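Here's the structure we're looking at; comments come further down.
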There are 2 protein chains.
Amino acid sequence: MTTHFQTYQNRGGPTYTKERITKLRAELKKRKLNGFIVPLADEHLNEYISSHDERLLWLTGFSGSAGIAIILEQKAAIFIDGRYTLQIQTEVDQSIITPLPIMETSPSNWLQQHIKKGARIGLDPHLQAVSSFETFNETLEKKAAKLISVKTNPIDTIWEDQPKRPQAPVNSHPKKYAGKTADEKIKEIQDHLKEKQIDAFIVTAPESVCWLLNIRGSDVPRTPIMLAHAIIHARAKPELFLDKERMSTRAKDQLSQITKLQLPQKFDEALSALGARFKKVLIDPKRTNSAIYQTLRTARAEIVRGQDPIALPKAKKNKAEIEGMKTAHERDGIAICQFLHWLSETQEKTTITEISAAQTLEEYRRATGALKDISFETISGAGPNGAIVHYRVSEATNRSLKSGELYLVDSGAQYQDGTTDITRTIAIGEPTKPMRKHYTLVLKAHINLTTAYFPKGTRGVDLDPLARTPLWRAGLDFNHGTGHGVGSFLAVHEGPQGISRRAMVPFEPGMVLSNEPGYYREGAYGIRLENLELITEPEEISGGEHPMMHFETLTLAPFDQNLIESELLTKTEIKWLNAYHRTVWKTIGKHLKGAQKSWLKEATTPLK
Amino acid sequence: MTTHFQTYQNRGGPTYTKERITKLRAELKKRKLNGFIVPLADEHLNEYISSHDERLLWLTGFSGSAGIAIILEQKAAIFIDGRYTLQIQTEVDQSIITPLPIMETSPSNWLQQHIKKGARIGLDPHLQAVSSFETFNETLEKKAAKLISVKTNPIDTIWEDQPKRPQAPVNSHPKKYAGKTADEKIKEIQDHLKEKQIDAFIVTAPESVCWLLNIRGSDVPRTPIMLAHAIIHARAKPELFLDKERMSTRAKDQLSQITKLQLPQKFDEALSALGARFKKVLIDPKRTNSAIYQTLRTARAEIVRGQDPIALPKAKKNKAEIEGMKTAHERDGIAICQFLHWLSETQEKTTITEISAAQTLEEYRRATGALKDISFETISGAGPNGAIVHYRVSEATNRSLKSGELYLVDSGAQYQDGTTDITRTIAIGEPTKPMRKHYTLVLKAHINLTTAYFPKGTRGVDLDPLARTPLWRAGLDFNHGTGHGVGSFLAVHEGPQGISRRAMVPFEPGMVLSNEPGYYREGAYGIRLENLELITEPEEISGGEHPMMHFETLTLAPFDQNLIESELLTKTEIKWLNAYHRTVWKTIGKHLKGAQKSWLKEATTPLK
């Protein structure tokens, strides 16, 4: 049997909630703390965290991807968003901890209501962003209470079989994929720091460390990073806090030349040294934990807050990265098409479930021989499960793909040359008229965005409505952003660019973004259509005055024509769809054989 | 001969620049000042100012609508934006004052470069918004220089024949147009203040005073306001600082009941009293001058900065205001159609100039018997003058409307029941193919916006791109916002809503906005198509889940079909155009006779 990256057992559960919270309370009492804040986070404030850092799950039994608990002497609460209101009912023991919707009760407000004057509330400053630490601090000051930064996390003290900190090997990321040497990148960032008169930047985001130094790791699932900090000095070699023992020979050679290698335990000392030399130090408050901030402040460094200066150059893919993304998408497209063919021919013969579908898709990707990981947990939702935007299939929720229903699959891969992310929605059996109408409206929204031309200065906020107006006209909408940035064999969600109401970063050539409008009919079905798009260099237009950028679609897989109501499409939209399917056929068809090939030929037949 | 509101003589000129700046320098020396800052502003930071406040024009000879001068002992500079780089060359004497583009050199930076350590720079705090005062202050502190708030303006001291402060009559604005009594409005604002735990709001924007108290004035051109401050107390009658002598009998009766009437000279005392009672006072820093701020601060009031709480309720027109706007637009539409007919039949017989056209348009509006004022200086631009976005025709620039050229006319009226603002672009003789293409692209942009449906929460920033994507696709764009809010017999430019890259205020039913995309070919022609749009109540859509708002077009006048390239329009766009023209014909046609009527019938013929 093949092993898979994704697992489907229920990770959470209420069995130990009471025992562990009681144990934590005893530990807090020893430390003279009246409460403790437990976020879902690691030191780098990563999206995916290692099993070592799954403290919230261990303590409460809650297995969702976002949440925060506060344990007081008598009361305990766990704050979660709308996605998890149902799931948490079965996962935590509500006799000891109360689930609360975070949109209605903020942790700060709840704290303010439930603590006594003068209370001492503990928090691990390594797991809290500077900004959220400050919010808690202000709250407690109002009650004359104290926020105590603990030196060691009390959960680590009581968690006997806590997994070790990850120490996975760190490898060099070859120049042929990176496109630039680490030296060139370091110089670019140093020039930027000099221009801004900043002495040093604390690199806290592991994707930034990886991109800058052309290395990759596997300390956390789904994102090929290692957990390591770095300091870029404007006028000296960067310091990298990473044990040499973990590096491949090539990585060690490379890193020894371009960085000053330090053991991780030397990081605090290095921060203090910056202060002692009165350095002007840049931090990104969204990705920097409070422990770092406090160390710098205590050492009297001059702290400047601003966006990670690596984020933008990392987002603007260079020629080699673009080539890599294209190769990765061709490879991924073959796997996706094989999967879609399998789905089409198997659905009438055998029962397919959400899990078996996701596993089969992973197997096709693995068969490429290039799969390093999946880029996030596959969202494999049949029927009503498809309407749950961030659905994660588990053995408890697994559903079979039934005739007359829709199946939504949102998945991605990590290959050494690029990261992918694609969503398709497929009719199982014969779709209903409303399904076809809604699918076609989402497709119109997708096409309206992908065909846009836009000038220098355009931001995600400006294009977001293009993927909504066709839905708005029908009285429909979707309750999530339209697109996120994607890394190059790095994080599948990666800023600074995005497409949403809040996306204020101007677009630049080389950025990659998802285009993923959707429609969700609660209790019935979900539709989402997602391709990744590359922003082109500005192009002169005949008769025009301003060169315009546009999107070049990277993702290669057909849209389900059984779900398209062609009367709802304009001529221009049909033209785009046919041209896209022609490209899919030309690029992917040649890699397929037999039944798979005939299926793709059929699936990409031009719409009249 | 009819008198007109708009005048066309050159108001500025370099004749007195030297004499007056020299005189000012002597006055500054007496006052021991090393320099003085001269903005184009009045105490209320209004868009249009009275002749009493035309200090910048009197001193320098510059007649543009935005600018700021700084007079030092040896040097003097005037800062202007891109619109005025040519005009200023002929208007100021450059041997004594240097025009500088404000986008390249900010007044603050220039000051910093040119003043000596310890310099004393004067500024009239009544004419400077809190925020810009603070910018100057920071700049001067860097040079150890001092910003001196003068008690009396030195220009007023030397300006012998300075017009008096305006004292025009103040009239009641009838309930049938206002829709609500002043009492109801006051209560609404007081409730808002109580909820925010604020004791008083200083009403500095005269439009806000007028709207709140249902009064109107004529102290400045183009906007029917009087220059008066008010204070709304959360728990007491509002104070209005306005001389009873200026009020009509009805206005006096009305205001005596609902306000505590005070003489304008009591305003400072009232501000100080707020401080003495430790009140929490709200000011809008964009519309509050520094003198007010300083008085409050000296008196130790607790100052809270925020948006004028009257702005939003004023923007959301009630039923009576909406009815009034519709009646005003029907009346205005008749005048516009008569003008367009005149233009069409006269252009071949006699020479029409930009001035004679603007005057004729004003005469048609005056003939309605209801015209109180025009709502802004008519932009009447033939050929290349049409490409100047904020063109103001004067005798010096007046141009005749030549065959083969385009004519752009952007104009509006103040009627007691509503304010209008419309732009049409007309072909004189036979248009060229590029003219038709560009006109049609702008029309597509206009239609794309006007036909949008949008949910609760949508902001101007979200809809702005809809009026651009058709142009972007052709490599074109326009360098201004797409729309501004419009008052109800108040300012023609009125927030807080707008349609632009920066417009972050959510739309609400009852708001009125302009929809005015354009295209400007420098040195050749300008195209702009502007209608006012009313935001409807959210409507249920069959098969939809979210009620959607949309626009209801208020403006009624045909688009020039000679300029439409129908092959560039989609079926949906043609359908919208024909429906709009049908409405124009049905609403306006019945008021016209003879040749005017036949012309409108022809002009509104459906496009095939």
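Bear in mind the structure is a predicted one, so any value in this text is a computation, not a measurement. Lettering follows sequence order; numbering is per chain, from 1.
Residue-environment remark: NZ (A/Lys143) exceeds the threshold of 12 foreign heavy atoms within 6.0 Å. Heavy atoms from other residues, nucleotides or ligands lying under 6.0 Å from NZ of B/Lys286 number 12 at most. Other residues, nucleotides and ligands contribute more than 12 heavy atoms inside 6.0 Å of the NZ atom of A/Lys280. Heavy-atom contacts from other residues, nucleotides or ligands closer than 6.0 Å to CD of B/Gln113 number more than 12.
Contact count against chain A (heavy-atom pairs under 4.5 Å) is highest for B/Arg501 among B/Arg501, B/Lys437, B/His546. Your options are A/Thr572, A/Leu476, A/Leu466, and the one with the most heavy-atom pairs under 4.5 Å with chain B is A/Leu476. Chain A forms more heavy-atom pairs under 4.5 Å with one residue of B/Pro434, B/Gly475, B/Gly543 than with any other, namely B/Gly475. Interface check for chain A: of the options B/Arg468, B/Arg459, B/His550, B/Glu540, the most heavy-atom pairs under 4.5 Å are formed by B/Arg459. The candidate from A/Thr458, A/Asp464, A/Leu463, A/Thr570 with the greatest count of non-hydrogen atom pairs under 4.5 Å with chain B is A/Thr458. Contact count against chain A (heavy-atom pairs under 4.5 Å) is highest for B/Gly457 among B/Gly457, B/Ser542, B/Pro547.
A distance of 7.0 Å separates CG of B/Asn448 from OG1 of A/Thr469, quoted to the nearest 0.5 Å.
A side-chain donor-acceptor contact under 3.5 Å links B/Tyr519 and A/Glu545.
A/Arg473 places no side-chain N or O within donor-acceptor distance of the main-chain N or O of B/Phe454, the cut-off being under 3.5 Å.
For A/Asp462, the parts lying under 4.5 angstrom from a heavy atom of chain B are both the backbone and the side chain.
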